[in-house]
Amino acid sequence: MQDFLALADLSTQEIQSLLDLAVDLKKEHAGGGNKPILQGKALAMVFQKPSLRTRVSFEMGMQHLGGHALYIGPQEIGLGQRESIADIARVLDGYVDGIMARVFAHQHVLDLAHWAEKPVINGLSDYNHPCQGLSDALTIYEHYKGDIKGLKVTYVGDGNNVAISLMHVCAKLGMNFAIGNPAGYDMPAAAIELGQEIAAQSGSSIELFNDPGTAVADADVVYTDTWTSMGQEEESKKREAVFPPFQVNNELLRAAKPTAIVMHCLPAHRGQEITDEVADGPQSQLFPQAHNRLHAQKALLATLLG
Ligand code: CP
Ligand code: NVA
């Protein structure tokens, strides 16, 4: 693996190895600290959008492994504005051992990976969020004690970047994926087709619904995300009128298995896509899920930079 741009690019074995390593590194960290396997290594973190989890988990992950991370915000380098992406990539190559980038256009992270010789990690684009998908797989894997093949994972809400990465990681690992989204807010057709191809290989299914209750029926995992992603702010009023039937609340959750867990990549807009009672309820995995970003990404850093 040279870069980490999309879960669909990885084999099932590569994803499984990352999960196994994440479990080991998490245990090692809890037992007194990780070995400094990235001593002397540096990660540049390029952000065109805000972040809490991605920034802090990558920065702390590098620190735990003995390396260093540096934050480069939107004011410092306007990707493709102050300087071309090709030039930025070739300059960073001489300073650091890896580049993590959170961008608007997915093409920009692809361009960075094309020009940089050092590994590039996609920290979220308008198309996908593979770091989230990988750590979500870790959360599901831990909760269901590795017995995840055939589980039903339902995503409720906007067919966005987080939904796409979740669909692809489910398909890779043999979990059945369902989505309930409002008409007109589907995942892109090409992402669905790719998901269906991967699902056919693992013997899992992908189901698409415009009714949240049908999508959630008998689910083992119920997942949601914001109705308005970063960069779509001017559509938020329109979306707030369309999405309320897709709120994850106690009534919707009753359609899932009683043992189902609830997930959200965060930040949550409580009272919109999720209620307080669900976010803070007994089925919520929201905070273990957020904490797993750290452990999954350490596995990624160890693999790509180690
Ligand atoms: N889930 C996630 O990526 O959070 P941040 O936007 O805070 O990094
Ligand atoms: N779909 C959200 C995820 C934030 C982590 C966004 O892109 O803003």
Side-chain angles (χ1 to χ4, degrees), residues 4-7 22 43-62 69-74 79 99-109 121-140 155-169 179-182 185-188 191 221 223-236 238-240 242-243 246-248 262-270 272-274 279 284-298 300-301:
F4 184 73
L5 306 176
L7 288 153
L43 178 75
M45 308 190 296
V46 177
F47 280 94
Q48 292 196 298
K49 295 172 176 172
S51 170
L52 169 64
R53 281 144 290 271
T54 305
R55 182 200 171 158
V56 179
S57 57
F58 269 109
E59 191 160 338
M60 293 314 298
M62 282 302 288
L70 54 142
Y71 173 78
I72 306 170
L79 266 191
I99 303 167
M100 192 281 295
R102 168 167 286 193
V103 300
F104 286 94
H106 187 64
Q107 188 59 47
H108 288 173
V109 78
I121 297 172
N122 175 0
L124 178 147
S125 72
D126 285 354
Y127 172 65
N128 65 355
H129 194 359
C131 294
Q132 186 68 54
L134 179 67
S135 56
D136 293 342
L138 176 63
T139 303
I140 298 169
Y155 177 97
V156 182
D158 186 27
N160 63 15
N161 44 9
V162 169
I164 289 172
S165 287
L166 185 67
M167 169 174 65
H168 288 164
V169 82
I179 185 168
N181 62 266
Y185 294 91
D186 304 330
M187 296 180 289
V221 176
Y223 198 119
T224 191
D225 181 20
T226 183
W227 296 338
T228 304
S229 287
M230 293 180 277
Q232 300 174 329
E233 288 77 8
E234 76 288 353
E235 292 178 29
S236 66
K238 189 176 137 210
R239 287 167 174 265
E240 279 166 30
V242 171
F243 277 82
F246 293 80
Q247 181 186 66
V248 175
V262 175
M263 299 178 69
H264 189 313
C265 59
L266 302 178
H269 306 80
R270 288 161 175 262
Q272 292 196 357
E273 74 272 6
I274 193 163
S284 171
Q285 285 289 316
L286 268 53
F287 297 104
Q289 175 187 4
H291 299 160
N292 270 341
R293 293 289 303 277
L294 175 67
H295 309 294
Q297 287 159 199
K298 281 203 272 192
L300 200 55
L301 291 166

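Just follow the structure's listing: the first ligand is 1, and inside any ligand the first atom is 1. Only a predicted model underlies this, so the values are computations on that prediction, with no experimental measurement involved.
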(request) Establish, yes or no, whether a centroid distance under 6.0 Å links the rings of Phe243 and Tyr185. (result)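 Centroid distance Phe243-Tyr185: below 6.0 Å, so yes.
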(message) Once salt bridge (charged side-chain N to carboxylate O under 4.0 Å, His left out) is applied, what residue pairs with a partner in residues 123-134 remain, sequence neighbours excluded?
(response)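 Those involving residues 123-134 are Lys49-Asp126.
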(request) Please identify each residue that fulfils ring pair (Phe, Tyr, Trp, His ring centres under 6.0 Å) with Tyr223, with sequence neighbours left out. (result)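 Tyr223: ring pair (Phe, Tyr, Trp, His ring centres under 6.0 Å) contacts with Tyr155.
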(message) Exactly one of Phe58, Tyr71, Phe104 should register a ring-ring contact (aromatic ring centres under 6.0 Å, His included) with Phe47. Which one does?
(response)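 Single ring-ring contact (aromatic ring centres under 6.0 Å, His included) partner of Phe47 among Phe58, Tyr71, Phe104: Tyr71.
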(message) Checking side chain to side chain contact (heavy atoms under 4.5 Å, CB included) between Arg102 and each of Leu124, Val109, Asn122, which is the one that passes?
(response) Leu124
(message) I'd like the residue list for ligand 1, meaning every protein residue with a non-hydrogen atom under 4.0 Å from the ligand.
(response)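 Protein residues near ligand 1 are Ser51, Leu52, Arg53, Thr54, Arg102, His129, Gln132, Cys265, Leu266, Arg293.
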(message) Give the residues near ligand 2 by chain and number, with the criterion being a heavy-atom distance under 4.0 Å.
(response)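 Residues near ligand 2: Leu124, Asn160, Asn161, Val162, Asp225, Thr226, Ser229, Met230, Leu266.
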(message) How long is the straight-line distance from CZ of Arg239 back to CD of Glu233, given to the nearest 0.5 Å?
(response) 10.0 Å
(request) Starting at CG of Asp136, measure out to CZ of Arg293 and round the result to the nearest 0.5 Å. (result)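 One finds 8.0 Å between CG of Asp136 and CZ of Arg293.
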(request) Would you check if there is a donor-acceptor pair between the side chains of Gln297 and Ser57 at a distance under 3.5 Å? (result)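 Checked: Ser57/Gln297 side chains pair up, N/O donor to acceptor below 3.5 Å.
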(request) Go through the steps for Thr226 and His269 under the test side chain to side chain donor-acceptor pair (under 3.5 Å), then give the verdict. (result) CA-CA 7 Å; Thr226 183; His269 306 80; 3.3 Å; yes
